[in-house]
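See structure below.
So that the names make sense, note that chain A is the first sequence line, chain B the second, and so on, each numbered from 1.
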Amino acid sequence: MIEWSESTIRSFRKTLLDWYDAHGRHLPWRRDHDPYHVWVSEIMLQQTQVNTVIPYYEHFMAEFPTVTDLANAPEAKLMKAWEGLGYYSRARNLQKAAKQIVNERGGQWPQTAEGLQELAGIGPYTAGAIASIAFNEPVPAVDGNAFRVFARLLEIDLDIAKPQTRPVFERVIGRIMSPDRPGDFNQAVMDLGASYMSAKNPDSAHSPVKAFNQAYLDGVEMQYPVKSKKPKPVKVAYYGLVIRHDDQFLMQKRPSDGLLANFWTFPLIAEDDVLAMSETPELVTEEERLSLLEKLVQQEFGLTVRVIPMGGKPVKHTFTHRQWLITLLSAEVKPDADLSFFPGKWLSSDELTRMALPKVQEKLLTRVHQIQ
DNA sequence: AAATCGTGGTG
DNA sequence: TCACCAAGATT
């Protein structure tokens, strides 16, 4: 059993940092310690792989070189820069925090993890990362890597999916981390977690810290970290209406909260809502569904439509907690139809390509272009 | 505390 | 195809 005495800790720090100095990754956001650079990269990296982030980061910095540029940017331009990255509230919170810094703090950054957490979108992990990397504060940055690395090193069998577990790891890591090089220590842990101590293919036999890895020494490293399972996505069936007139589509704007907030999509009608129109949903035939759908669109949106199946399998799109199955229907609406009860408007495909679209919308658009 | 919020990669 | 992961935050 490894004893984490003061001398063990000192030895671990040196081993880890020596390895990081020689083999740490050279990433675009590691060129300097500018808090703006660190911050933007950390937000992008939330639940997102490094290779995905790199081109987004480079483009973002070209578009918004300073926190002031970000604060003053048009939202449409911001969302276009974030298009495809997902978790879009990250982008909105990023700009909200930029405005906090520029307008409420005279351009001054909070320089501690505690202060940083008052900014929108900055939680305990990101605050620790920025504080340690940009401001040299000796605080841990406990992300999925840190959970995994230290769960294995110390055979900590707490469930990392539970909120109570975080403070335990913060205390453990806070005691082990290097007080003089906190930013490098935290980043070294992440590089280790992305290589020798990765989730699926660890290579602890060649790891610089294998001598400190209790789970590896005991042959049980794949049992760590302990993490309770998430339920799988719930299937939701929709009808997607392709309502075209000349080069325009009648598009729906999603509500300002919830999934894909504020994005434009083809009008989506939940199949359940259609079936709920019938007294005997289980007996509804395919033809009756379409007529019930037309009735629903009339009731909800005041739009008289005539729908026609477009053929092809439903478009499938999986989110973290939902799986959408969208059956496309061609529909006709008079171009001068009253849209006052419909949350949307006519948009040309030219306009559509200029605005930020979620992936599911791109899939639908691709399918529409294939068919027509 | 448990749900919510995107997308792409991987075994 | 599927399960699970990837530098989490918010409610």
Side-chain angles (χ1 to χ4, degrees), chain A residues 24-25 27-30 37-57 79 82-94 96-97 116-133 140-149 159-166 169-170 173 183 185-195 197-202 222 225 227-236 254-263 265 316-324 356-363:
Chain A
R25 291 174 289 183
L27 299 167
W29 46 88
R30 287 183 176 174
H37 298 163
V38 176
W39 171 51
V40 171
S41 70
E42 290 299 342
I43 300 297
M44 286 187 171
L45 286 160
Q46 289 170 7
Q47 303 292 286
T48 310
Q49 295 190 16
V50 167
N51 286 335
T52 302
V53 166
I54 290 173
Y56 280 93
Y57 175 82
M79 295 314 290
W82 205 269
E83 180 181 39
L85 254 191
Y87 286 157
Y88 297 96
S89 66
R90 290 184 296 175
R92 300 196 173 97
N93 282 334
L94 205 54
K96 190 185 292 184
L116 286 161
Q117 284 199 64
E118 291 174 15
L119 298 175
I122 298 186
Y125 160 73
T126 307
I130 300 172
S132 62
I133 298 169
V142 186
D143 70 333
N145 289 304
F147 274 126
R148 183 174 58 259
V149 165
D159 184 350
I160 66 167
K162 299 218 173 294
Q164 325 80 285
T165 300
R166 169 177 296 278
F169 276 76
E170 285 175 343
I173 299 170
F185 181 94
N186 286 332
Q187 293 185 89
V189 170
M190 295 185 228
D191 282 17
L192 196 59
S195 55
M197 296 187 70
S198 67
K200 295 197 174 182
N201 288 318
M222 295 314 284
K227 186 178 184 183
S228 51
K229 297 186 187 183
K230 297 269 160 126
K232 56 178 181 181
V234 177
K235 287 183 168 59
V236 187
R254 296 183 59 77
S256 58
D257 55 9
L259 190 58
L260 302 181
N262 292 329
F263 280 101
T265 67
K316 185 189 296 184
H317 188 81
T318 307
F319 303 96
T320 309
H321 58 298
R322 292 279 184 279
Q323 183 174 72
W324 285 4
L357 298 176
K359 284 294 166 183
V360 63
Q361 170 61 36
E362 280 185 31
K363 284 186 192 176

Length of the [atom1]-[atom2] vector between [X] and [N], whole Å:
X         : N      : atom1 : atom2 : value
Lys230(A) : dT4(B) : NZ    : P     : 10 Å
Lys200(A) : dG8(B) : NZ    : P     : 17 Å
Lys229(A) : dA2(B) : NZ    : P     : 17 Å
Arg322(A) : dC5(B) : CZ    : C1'   : 11 Å
Gln46(A)  : dG8(B) : CD    : C1'   : 17 Å
Tyr87(A)  : dT4(B) : OH    : C1'   : 8 Å
Arg166(A) : dA1(B) : CZ    : P     : 13 Å
Gln323(A) : dG6(B) : CD    : P     : 16 Å

Would you compute the distance between atom [atom1] of [X] and atom [atom2] of [Y] and round it to the nearest 0.5 angstrom?
X         : Y         : atom1 : atom2 : answer
Arg254(A) : Phe263(A) : CZ    : CZ    : 10.0 Å
Leu94(A)  : Lys96(A)  : CG    : NZ    : 12.0 Å
Tyr125(A) : Gln46(A)  : OH    : CD    : 8.5 Å
Asn262(A) : Met79(A)  : CG    : CE    : 8.0 Å
Thr126(A) : Glu42(A)  : OG1   : CD    : 6.0 Å

ask   = Does Phe319(A) have its ring centroid less than 6.0 Å away from the ring centroid of His321(A)?
value =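 That pair fails the under 6.0 Å test.
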Any His321(A) side-chain nitrogen or oxygen under 4.0 Å from OP1 or OP2 of dA3(B) =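 No, no such contact exists.
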inquiry  = dG11(B), OP1 or OP2 - any side-chain N/O from Asn201(A) closer than 4.0 Å?
reply    =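 Asn201(A) to dG11(B) OP1/OP2: side-chain N or O found under 4.0 Å.
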ask   = Residues two or more places apart in sequence or in another chain: which of them pass side-chain contact (heavy atoms from CB on, under 4.5 Å) with Ala188(A)?
value =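 In terms of side-chain contact (heavy atoms from CB on, under 4.5 Å), with neighbours along the sequence ignored, Ala188(A) is linked to Leu16(A), Tyr20(A).
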Using the [atom1] atoms only, state how far [M] lies from [N], rounded to an integer number of Å.
N       : M      : atom1 : result
dC4(C)  : dG6(B) : C1'   : 15 Å
dC5(B)  : dC2(C) : P     : 22 Å
dT10(B) : dA7(C) : P     : 13 Å
dG8(B)  : dA9(C) : P     : 22 Å

What is the nucleic acid contact for [X], judged by heavy atoms within less than 4.0 Å: base, sugar-phosphate only, or nothing?
X         : answer
Arg92(A)  : nothing
Leu27(A)  : base
Thr318(A) : base
Trp29(A)  : base
Val53(A)  : nothing
Gln187(A) : nothing
Ile43(A)  : nothing
Pro231(A) : nothing
Ser89(A)  : nothing
Ala199(A) : sugar-phosphate
Ala161(A) : nothing

task = Return the set of residues passing side-chain hydrogen bond (donor to acceptor under 3.5 Å, both in side chains) with Gln361(A) (not counting sequence neighbours), or none when no residue passes.
result =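 Not a single residue meets the side-chain hydrogen bond (donor to acceptor under 3.5 Å, both in side chains) criterion with Gln361(A).
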message = Tell me the closest heavy-atom pair linking Ile160(A) and Thr165(A), and the distance in Å.
response =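 Nearest pair, atom of Ile160(A) first, then Thr165(A): CA-CG2, 4.0 Å.
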query = Is Gln323(A) reaching over with its side chain to a backbone N or O of Thr318(A), donor-acceptor style, under 3.5 angstrom?
reply =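 Judged by distance alone, no pair lies under 3.5 Å.
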Taking the side chain of [X] as its heavy atoms from C-beta onward, which of [options] lies nearest to it?
X         : options                 : answer
Leu259(A) : dA2(B), dG6(B), dT4(B)  : dG6(B)
Phe319(A) : dT7(B), dG11(B), dA2(B) : dT7(B)
Lys162(A) : dA2(B), dT4(B), dG6(B)  : dA2(B)

query = Toward the 5' end of DNA chain C, which comes first, Gly121(A) or Leu45(A), by nearest nucleotide?
reply =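 Comparing both residues, the 5'-ward one is Leu45(A).
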key: DNA chain B: 5'-proximal contact among Gly258(A) and Gln49(A) (nearest heavy atom)   =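 Closest to the 5' end, via its nearest nucleotide, is Gly258(A).
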inquiry  = Base of dT7(B), side chain of Lys359(A) - is there a donor-acceptor contact under 3.5 Å?
reply    =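 Side chain to base: no pair below 3.5 Å.
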query = Ignoring hydrogens and angles, are the base of dG9(B) and the side chain of Thr52(A) linked by a donor-acceptor pair under 3.5 Å?
reply =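 In this structure, the two groups form no donor-acceptor pair.
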message = At a heavy-atom distance below 4.0 Å, which nucleotide of DNA chain C is the first touched by chain A, and which is the last?
response =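 The protein-touched segment is dA3(C) to dT10(C).
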